[in-house]
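Worth saying up front: this structure is predicted, and the values here are computed from it rather than measured.
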Amino acid sequence: MIEDPNDDRRRELCERFRQSLTKPMAERFFDEDELVDLFDFAGDMADDYLKMEVLMCGARLYPDSSLLKERRAIFYSFISDDAASKFLQDNPQENAPLWEIMRLRSRAPKGHDAERELAYLLGGMDRMDDEEVIQFVELASQLGAYDWLIANEATVRSKAEYAPIFLYEMAVVSELNHNYEKAVAYLEELTESEPFNAYYWFMIAQDYEMLDKRDKAIAALDYSLAINPDSKEALQLRARMLLSDDSTRNEGEDLLRELAGKYPDDPDVQRVAAFVSYAGGDVAVSRETMRACLERFPGDRAVLSDAIAAGVGDFASLLDRFYEATDERDEDTWLDWAEDLRGCGCYAEACQVLEAYERNSPEPMADMSVYLDVLFFMQRFDKINALVDKDPGGDILRQGSWYANMVIRLVSLLKTCRIADARAYARNVLETGFVEVADTEDILARISAHAIVTEISNRLESTKADWSEFDPFGLWRSEQS
């Protein structure tokens with residue numbers, strides 16, 4: 001985060017504002033500039049609560065403030081595109097630069113159209129205050145016009161009232177666009193004017209690491225830690241970099257152990273320390289550290305995943321405990337988690353995640369498609385049949401890809417020797433299951449499913465058909481060979 005020379009004053013102002021929130025509304029008073037400063041400072045800290053309170057206070061004290069109204073537009077843009085669009089539509093008379101930046105963000109042109117509109121907007125501004133610079137640079141990057149921004153860097157810089165803000169924002173969007181060489185150049189220019197800003201040196205170290213320039217990264221970290229020796233983030237990065245080289249690995253491990261002792265309530269520090277012990281062969285110490293982590297952070301998914309990887313505890317019981325401790329209890333979160341595990345080939349773990357959700361949630365799982373897919377890969381055909389048999393309407397098979405699910409159902413019947421049921425099901429889907437017109441993106445699944453079902457139907461006419469090694473998707477060949 002950029003360090004403004006006025007940050008001490010802003011922190012003091014922020015503390016005074018927070019204290020005022022405990023008092024009656026009539027006893028709160030701040031001038032307009034203070035509220036604008038507070039909102040911008042809250043944005044730097046990503047404090048949505050503070051931003052909202054500032055805006056409500058501003059609406060009471062200065063209902064006609066154009067500056068605070070601009071901040072409302074910024075706030076709505078972070079809530080949702082729809083909220084921002086509606087606020088802009090309700091204020092067509094506003095035409096200050098920040099409003100035009102918000103409108104351009106709402107229109108979201110692409111390619112040359114975006115570049116043309118950015119150039120037009122830039123040409124209409126003689127000077128850009130800090131917030132205008134921040135919003136304009138971020139907008140150009142969001143519109144995919146980073147190259148245009150670099151090409152027009154001199155023009156944007158010449159209009160910025162405060163150069164460090166411009167340089168910092170250019171460094172940030174350069175990192176977002178993976179141009180780490182440029183990011184380093186902007187940050188090094190910043191350090192020329194602010195050599196004792198530890199965060200700038202930390203950012204340089206991160207960028208040099210991305211460029212695989214380890215020595216320069218460590219040198220930048222040394223500068224950062226010389227200024228702020230207690231920076232946890234910088235110490236973590238230094239430990240990680242030391243661990244990446246055999247010649248400094250022991251030093252990195254010592255630093256991690258020091259951090260683990262210093263920050264016992266930081267799950268990320270504890271996780272890394274535990275895994276370093278695990279990778280170094282000290283499994284007992286690693287597991288003990290992970291058990292302690294689980295006790296302190298039962299609702300942290302990353303801690304749970306690492307604990308399971310280290311062989312700590314029973315996954316099913318840990319998942320039950322996690323469900324009770326976490327705020328992440330919505331179905332979509334658990335489905336996404338299971339899909340991530342499935343994508344990594346962790347089918348058993350994905351299955352247990354979904355079963356834990358079904359076991360603990362007061363509502364039954366609405367979308368069973370991922371569960372069916374995982375069960376099929378694990379060859380739990382009896383379970384698939386039980387789920388489908390309990391759903392005479394067939395809704396469960398309509399979740400996800402109908403064509404994939406019809407094959408899953410048919411193969412599950414065959415694998416459990418329900419040949420008569422399989423024959424009837426194959427006949428039925430060939431007669432009625434392919435009547436609906438498929439979406440374009442599902443057409444290949446439709447073609448494949450029809451070919452597989454037709455092949456199965458033909459083989460079912462033979463009384464000698466052996467289904468034990470039937471593998472239409474090639475999922476189990478490695479196990480059978």
Side-chain angles (χ1 to χ4, degrees), residues 17 21 25 28 30-149 152 155-156 159-161 165-166 169-170 172-173 176-177 330 332:
F17 183 82
L21 296 178
M25 184 70 73
R28 304 177 197 173
F30 297 85
D31 66 40
E32 182 182 3
D33 289 340
E34 286 180 325
L35 291 176
V36 170
D37 261 359
L38 277 167
F39 181 90
D40 295 345
F41 190 55
D44 291 342
M45 297 186 295
D47 191 332
D48 290 337
Y49 168 73
L50 183 58
K51 285 190 286 187
M52 190 67 208
E53 289 294 332
V54 168
L55 289 176
M56 288 193 295
C57 183
R60 182 182 68 85
L61 296 175
Y62 308 103
D64 298 323
S65 168
S66 59
L67 290 174
L68 288 169
K69 198 172 186 181
E70 288 175 354
R71 268 59 184 176
R72 285 168 62 193
I74 294 170
F75 184 73
Y76 285 128
S77 72
F78 281 103
I79 292 177
S80 71
D81 292 340
D82 182 61
S85 178
K86 289 177 178 176
F87 188 69
L88 292 170
Q89 290 172 11
D90 290 341
N91 292 275
Q93 75 284 358
E94 303 291 349
N95 58 6
L98 207 54
W99 286 90
E100 295 306 320
I101 291 172
M102 296 295 108
R103 289 193 177 95
L104 184 51
R105 177 178 283 133
S106 182
R107 291 197 298 274
K110 299 297 181 185
H112 292 305
D113 289 338
E115 294 176 0
R116 185 172 57 254
E117 294 207 40
L118 284 166
Y120 179 79
L121 181 57
L122 182 61
M125 293 187 284
D126 295 327
R127 300 292 291 168
M128 301 169 70
D129 66 25
D130 292 352
E131 195 61 37
E132 288 165 353
V133 169
I134 293 168
Q135 296 298 327
F136 185 84
V137 171
E138 288 181 357
L139 173 62
S141 179
Q142 290 167 0
L143 295 180
Y146 172 74
D147 291 339
W148 176 91
L149 185 63
N152 291 272
T155 304
V156 181
K159 299 189 178 192
E161 291 181 352
I165 290 289
F166 167 77
E169 291 301 320
M170 291 297 291
V172 170
V173 298
L176 291 173
N177 287 274
D330 60 288
D332 287 344

Q: Please assess Phe87 against Lys69 for the test side-chain contact (heavy atoms from CB on, under 4.5 Å), listing each intermediate value before the final yes or no.
A: CA-CA 10 Å; Phe87 188 69; Lys69 198 172 186 181; 4.1 Å; yes

Q.
Using only atom types and a distance under 3.5 Å, with no angle test, would you say the side chain of Arg72 pairs donor to acceptor with the backbone of Ala59?
A. no

Q: Quick one: pull up CD in Gln135 and CE in Met128 and give me the separation to the nearest 0.5 Å.
A: 10.0 Å

Q: Over all heavy atoms of both residues, which pair between Ser141 and Asn177 is shortest? Give the atoms and the distance, please.
A: OG-ND2, 3.1 Å

Q. Do the side chain of Asp31 and the main chain of Glu34 share a donor and acceptor less than 3.5 angstrom apart?
A. yes

Q.
With side-chain contact (heavy atoms from CB on, under 4.5 Å) as the criterion, how do Leu98 and Ile74 come out once you've worked through the C-alpha distance, each side chain's angles and the decisive distance to 0.1 Å?
A. CA-CA 9 Å; Leu98 207 54; Ile74 294 170; 3.7 Å; yes

Q) Is the closest side-chain heavy-atom distance between Glu115 and Leu118 below 4.5 Å? A) no

Q) Under the side-chain contact (heavy atoms from CB on, under 4.5 Å) criterion, do Arg116 and Asp113 qualify, and how do the steps go? A) CA-CA 5 Å; Arg116 185 172 57 254; Asp113 289 338; 2.5 Å; yes

Q.
Tell me whether Ser106 contacts the main-chain N or O of Arg103 through its side chain, where contact means a donor paired with an acceptor under 3.5 Å.
A. no

**Q.** CE on Met52 to CE on Met56, rounded to 0.5 Å
**A.** 5.0 Å

Q: Starting at CH2 of Trp148, measure out to NE2 of His112 and round the result to the nearest 0.5 Å.
A: 14.0 Å

Q) Are a donor atom and an acceptor atom from the side chains of Gln142 and Glu138 found within less than 3.5 Å of each other? A) no

Q: Taking all non-hydrogen atoms of both residues into account, name the closest pair between Ala160 and Val133 and its distance.
A: CB-CG2, 3.8 Å

Q: Please round to the nearest 0.5 Å and tell me the distance separating atom CE of Met170 and atom OH of Tyr146.
A: 6.0 Å

Q. How many angstroms lie between atom CG of Leu61 and atom CE of Met25, to the nearest 0.5 angstrom?
A. 8.5 Å

Q | Stepwise side-chain contact (heavy atoms from CB on, under 4.5 Å) check, Glu70 with Glu131 | A | CA-CA 10 Å; Glu70 288 175 354; Glu131 195 61 37; over 6 Å; no

Q: Write down the atom of Leu88, the atom of Met102, and the distance for their closest heavy-atom approach.
A: CD1-O, 3.6 Å

Q: Decide yes or no for Glu117 and Arg107: does some side-chain heavy atom of the first lie under 4.5 Å from some side-chain heavy atom of the second?
A: yes

Q) Could you walk me through whether Asp90 and Lys86 pass the salt bridge (charged side-chain N to carboxylate O under 4.0 Å, His left out) check? A) CA-CA 6 Å; Asp90 290 341; Lys86 289 177 178 176; over 6 Å; no

Q. Is there a side-chain contact between Asp40 and Asp130 (heavy atoms, below 4.5 Å)?
A. no

Q) With no hydrogens and no angle check, is any side-chain donor or acceptor of Glu53 less than 3.5 Å from a backbone partner on Leu50? A) no

Q. Quick one: are Leu67 and Tyr62 in side-chain contact, heavy atoms under 4.5 Å?
A. no

Q: Check whether any side-chain heavy atom of Phe39 sits under 4.5 Å from a side-chain heavy atom of Phe75, and report yes or no.
A: yes

Q: For the pair Arg71 (side chain) and Val36 (backbone), establish whether a donor and an acceptor sit closer than 3.5 Å, ignoring hydrogens and angles.
A: no

Q. Any sub-3.5 Å donor-acceptor pair from Lys159's side-chain atoms to Met125's backbone N or O?
A. yes

Q) Rounded to the nearest 0.5 Å, how far apart are OH of Tyr76 and CG of Leu55? A) 8.0 Å

Q. Side-chain contact, heavy-atom cut-off 4.5 Å: Leu104 with Pro109?
A. yes

Q: State, with a plain yes or no, whether a side-chain heavy atom of Lys51 is found less than 4.5 Å away from one of Asp48.
A: yes

Q. Would Gln89 and Ser85 count as having a side-chain donor-acceptor pair, cut-off 3.5 Å?
A. yes

**Q.** Side chains of Asp37 and Phe41 in contact at under 4.5 Å (non-hydrogen atoms)
**A.** no

